[in-house]
Amino acid sequence: MSTNFWELLQQHQGDLTKSGRTVAEYLVQHAAEAQYLSISSLARECQVAEATVFRFCRALGFEGYHEMRIALAQANATGVLVNQQEPAPDADTATLCEHASALFMTAINGTQNALSPQAVEQAVALLHSARQVFCMGQGGSMVAASEICARFACITNKFRATADSHMQVMAASLMTEQDVVLFVSYSGATRDLMETLRTAKANGAKIILITHYEDSPGAKLADIVLLCGAQESPLDSGSIPIKVAVLYVAEVLVLRYILDDKPSSTEAQERTTEALAVKLL
């Protein structure tokens, strides 16, 4: 669809219901923020049902909310990205370094503000009591989940990364109430995520979800939600600052995990360090 979002909105004003016009008015007034909202978040901000937002998208000719959100982001792409001015086409490398630094700091600061210390403590209590912890995600989120698994590997062998979506749901089908799923999903709303979480929950496993959207479908299934405050434009899927924000959450979990059982963690770190030192000789 090549027509500009705002042109489409103007063309289809007459096709919108009263509640649809409420959505349109919100997008006009909050265009920059709206491109980062989930369908649930937008519906809440507009005080309408999610179905209303979906019908609004269809009225403008989009297949669904995701396509509409991308079009909105494209229409907004006039130089603003995560509250930072995009570099000019002829920007030098020093400017790019400053820009990247600002993006990373914005992502980490946003996550620090969004992350609940109480939720971290509850999550770590589950991790300590778990028989096994399955680190999962899809796409770029799986890369972050694997990094989390590797970070914990120096202090415990109960963590394991499960990458393939088929293997994830298979693992979930064999879980018990002694197991924990640590799932990384920025949207908290992918189909594979929901299938795996429903299966794990049906078997009594506890679920920790690292996500940006506290009102996402996945968050509703989770026992504990750890919020990643960094914002990702639909045009910048898989951004590295988002992964760094997730790893910031992971590092907080690791630090809390170690301090809650310092003697065992210290011994484990010494043993794994020694094993690596021997291997490097």
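The basis for the numbers below is simple: all heavy atoms, side chains too, and nothing from hydrogens, waters or symmetry mates.
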query = Tell me, do N203 and T176 make a side-chain contact under 4.5 Å, heavy atoms counted?
reply = no
ask   = Side chain of K201, backbone of A222: donor and acceptor closer than 3.5 Å?
value = no
request  = Apply side-chain contact (heavy atoms from CB on, under 4.5 Å) to the pair L42 and L27, showing each step before the final yes or no.
outcome  = CA-CA 9 Å; L42 179 59; L27 294 179; 4.2 Å; yes
key: For the student: nearest non-hydrogen atoms of T211 and S187, plus distance   = OG1-C, 3.8 Å
request  = Evaluate side-chain contact (heavy atoms from CB on, under 4.5 Å) for L227 paired with L115, printing each intermediate quantity in order.
outcome  = CA-CA 5 Å; L227 290 178; L115 187 62; 5.6 Å; no
query = Where the side chain of D192 meets the backbone of S165, is there a donor-acceptor pair that is under 3.5 Å apart?
reply = no
task = Begin from the C-alpha positions of F5 and M68 and carry the test side-chain contact (heavy atoms from CB on, under 4.5 Å) through to its verdict.
result = CA-CA 8 Å; F5 175 84; M68 186 279 288; 3.6 Å; yes
key: Over all atoms of both residues, closest heavy-atom pair of I148 and C135   = CG2-SG, 4.4 Å
query = Just by distance, do the side chain of T52 and the backbone of V48 share a donor-acceptor pair under 3.5 Å?
reply = no
request  = Please check if atom CG in D164 has more than 12 non-hydrogen atoms from other residues, nucleotides or ligands closer than 6.0 Å.
outcome  = yes
inquiry  = Do the side chains of D179 and R131 get close enough for a salt bridge, i.e. N-O under 4.0 angstrom?
reply    = yes
key: Student check: side-chain heavy atoms of S264 and D261 closer than 4.5 Å   = yes
inquiry  = Between S19 and T22, do the side chains contain a donor N or O and an acceptor N or O under 3.5 Å apart?
reply    = no
message = How close do E177 and K206 get, counting heavy atoms only, and between which atoms?
response = O-NZ, 4.4 Å
ask   = Any side-chain heavy atom of L253 within less than 4.5 Å of one from I208?
value = no
ask   = Minimum heavy-atom separation for A145 to G137, with atom names?
value = CB-N, 4.3 Å
ask   = Checking Q168 side chain against Q138 main chain: does a donor-acceptor pair fall under 3.5 Å?
value = no
task = Kindly say whether A102 contributes a backbone atom to a donor-acceptor pair with the side chain of T106 at under 3.5 angstrom?
result = yes
inquiry  = Determine whether a donor-acceptor pair (N or O, by modelled atom type, separation under 3.5 Å) exists between the side chain of H30 and the backbone of Y26.
reply    = yes
note = L9 and A24 have their tightest heavy-atom pair at CD1-CB, 3.7 Å
Heavy-atom side-chain contact between V225 and I210 under 4.5 Å = no
request  = For residues 137-158, pull every pair meeting ring pair (Phe, Tyr, Trp, His ring centres under 6.0 Å), keeping only residues two or more places apart or in separate chains.
outcome  = F152-F159, F152-Y257
remark   = Apart from F183 itself, members of its ILVMFWY cluster (side-chain separation under 4.5 Å) are F134, M136, M175, V181, L193, M194, L197, I207, L209, L221
query = Does T111 reach the main-chain N or O of A107 with its side chain, forming a donor-acceptor pair under 3.5 Å?
reply = yes
query = Can you tell me if R21 uses its side chain to pair, donor with acceptor, with the backbone of L16 under 3.5 Å?
reply = yes
ask   = Can you name the nearest heavy-atom pair linking E63 to R58, along with the distance?
value = O-CD, 3.4 Å
task = For the residue pair Q178 and Q132, confirm or rule out a side-chain donor-acceptor distance under 3.5 Å.
result = no
query = Is there side-chain contact between L37 and E33, with at least one heavy-atom pair below 4.5 Å?
reply = no
inquiry  = Strictly distance-based, threshold 3.5 Å: is any side-chain N or O of T273 a donor or acceptor partner for the main-chain N or O of E270?
reply    = no
key: S216 side-chain N/O to Y213 backbone N/O, donor-acceptor pair under 3.5 Å   = yes
query = For D215 and S41, does a side-chain donor sit closer than 3.5 Å to a side-chain acceptor?
reply = yes
